[in-house]
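What follows is a single structure, written as structure tokens, with notes after it.
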Amino acid sequence: MLTVIAAADATSSGLVEVFGLNIGHIIMQVISFSILAFVLYRYAFKPVFATIDERQSKIEDGLRYTEEMKSKLAEAEKETAEVMKKASLEAQQIITEARDSGKALLEKQTQEATSKAQDILTKAEHAIELERKKMLADVRDEISRLVVLTTSRVLSKELPEDEKQKYAESAAKELSNV
Amino acid sequence: MALDKQIQQLAKVFLEASLEDGLVSASRVAEVLLYIEQKKPRRHLAVLKAYQRLISIELEKHIAHVESATEVSDTILADISSAMSTRYNRTIKATATTNKDLIAGLRIRVGCDVYEDSIAGQLSALQSING
């Protein structure tokens, strides 16, 4: 080991000499590099890392939020599906009820219309019957009037005086015995 | 209203005073009129009107108006007078008028009662039955 170190030392000594290295410069460079590294770490890398961490955290939060949103979306979709299903059932029920109501209303209106039509028909028949009876009565009255008028005129002209006298005597007897 | 009642009562009294054997007597009517003219009871004009109305009704009670399409013989009038007097239990005199509208037959009116046996009446009854 010692031989190796010595060899290395010898080698290094050789190298230093070969390449013209200056230990002091190297140490200064090391110190400068360290200072630079510290400054860079303190004022450049650390904020960058902090920013990266923050971004990473935000990304993770975003992913978590996305997962939550996905979950919520799934739940919402599920709820929406249930609501839609429920709404569909309710709509179907409403449609069924509306159809039944409409059918019942239609039947009721049909019955009412039929009843009204029947009433109108009955009234019309009644009115026609009354009109017919009235017309028949008028005709009968007119015929009776004409018959009586004609008979009166004929009898007034054609009935002989002796017949009128006989009728008067007969009437006198009849009225005297009333 | 009470005054009208008094007028009617007074007219009835005058009417009763005007009757003789159940018939209106001309002489008694004259006496009643003379009495009214002299005494002039309260509202005598209204009393006279009521008295006249009662006398007319009373006279009508004793008259049978006989309407006929032809001339009615005295025999028929006498028969009618007799029959109506018997029916109403008072003396009724028949008076005849001609009414060609009856065509044939008679119509007798005593007061408000009407008896009819005529062709016109029968035709009218026939028309009313058919009507």
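A note on names: the letters A, B, ... follow the listed sequences, proteins ahead of strands, and every chain is numbered from 1.
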(request) Please indicate whether A:Arg55 has more than 12 foreign heavy atoms, meaning atoms of other residues, nucleotides or ligands, lying under 6.0 Å from its CZ. (result)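 It does not: A:Arg55 CZ has 12 such atoms or fewer within range.
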(request) State whether the number of non-hydrogen atoms from other residues, nucleotides or ligands found under 6.0 Å of A:Glu163 atom CD is greater than 12. (result)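 Enclosed.
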Starting from [Y], can I reach [X] by hopping between I/L/V/M/F/W/Y residues whose side chains sit under 4.5 Å apart?
{"X": "B:Leu33", "Y": "B:Ile7", "value": "yes"}
{"X": "B:Val29", "Y": "B:Ile57", "value": "no"}
{"X": "A:Ile31", "Y": "A:Ile23", "value": "yes"}
{"X": "B:Leu19", "Y": "B:Leu48", "value": "yes"}
{"X": "B:Ile108", "Y": "B:Val72", "value": "yes"}

(request) Could you tell me which portion of B:Gln122 (side chain, backbone, both or neither) has an atom closer than 4.5 angstrom to a non-hydrogen atom of chain A? (result)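 The side chain, not the backbone.
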(message) Report which part of B:Thr75 has an atom under 4.5 Å of a heavy atom belonging to chain A: side chain, backbone, both, or neither.
(response)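 When you check distances to chain A, no heavy atom of B:Thr75 falls under 4.5 Å.
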(request) Could you tell me whether the side chain of B:Ile119 reaches within less than 4.5 Å of the side chain of A:Leu159, counting heavy atoms only? (result)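 Contact flag for A:Leu159/B:Ile119 side chains = yes.
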(message) I'd like to check B:Ile80 versus A:Leu175 (side-chain heavy atoms, cut-off strictly below 4.5 Å). Are they in contact?
(response)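 No, too far: nothing below the 4.5 Å cut-off.
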(request) Could you give me the CA-CA distance, side-chain angles and deciding distance for A:Tyr167 and B:Ile103, then say whether side-chain contact (heavy atoms from CB on, under 4.5 Å) is met? (result) CA-CA 10 Å; A:Tyr167 197 97; B:Ile103 303 172; over 6 Å; no
To check you understand the geometry: which heavy-atom pair defines the closest contact between [X] and [Y], and what is its length?
{"X": "A:Ala172", "Y": "B:Ile76", "value": "CB-CG2, 3.4 Å"}
{"X": "A:Gln165", "Y": "B:Ser73", "value": "NE2-N, 4.5 Å"}
{"X": "B:Gly105", "Y": "A:Ala171", "value": "CA-CB, 4.3 Å"}

(request) Nearest 0.5 Å please: distance from the CG atom of B:Asp117 over to the NZ atom of A:Lys173. (result)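 Atom-to-atom, B:Asp117:CG and A:Lys173:NZ are 13.0 Å apart.
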(message) If I take atom OG from residue A:Ser152 and atom CG from residue B:Leu102, how far apart are they, to the nearest 0.5 angstrom?
(response)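 Here the interatomic distance stands at 11.0 Å.
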(request) Take B:Gln127 and A:Leu149 through the side-chain contact (heavy atoms from CB on, under 4.5 Å) test and state the conclusion after the steps. (result) CA-CA 10 Å; B:Gln127 187 177 1; A:Leu149 183 66; over 6 Å; no
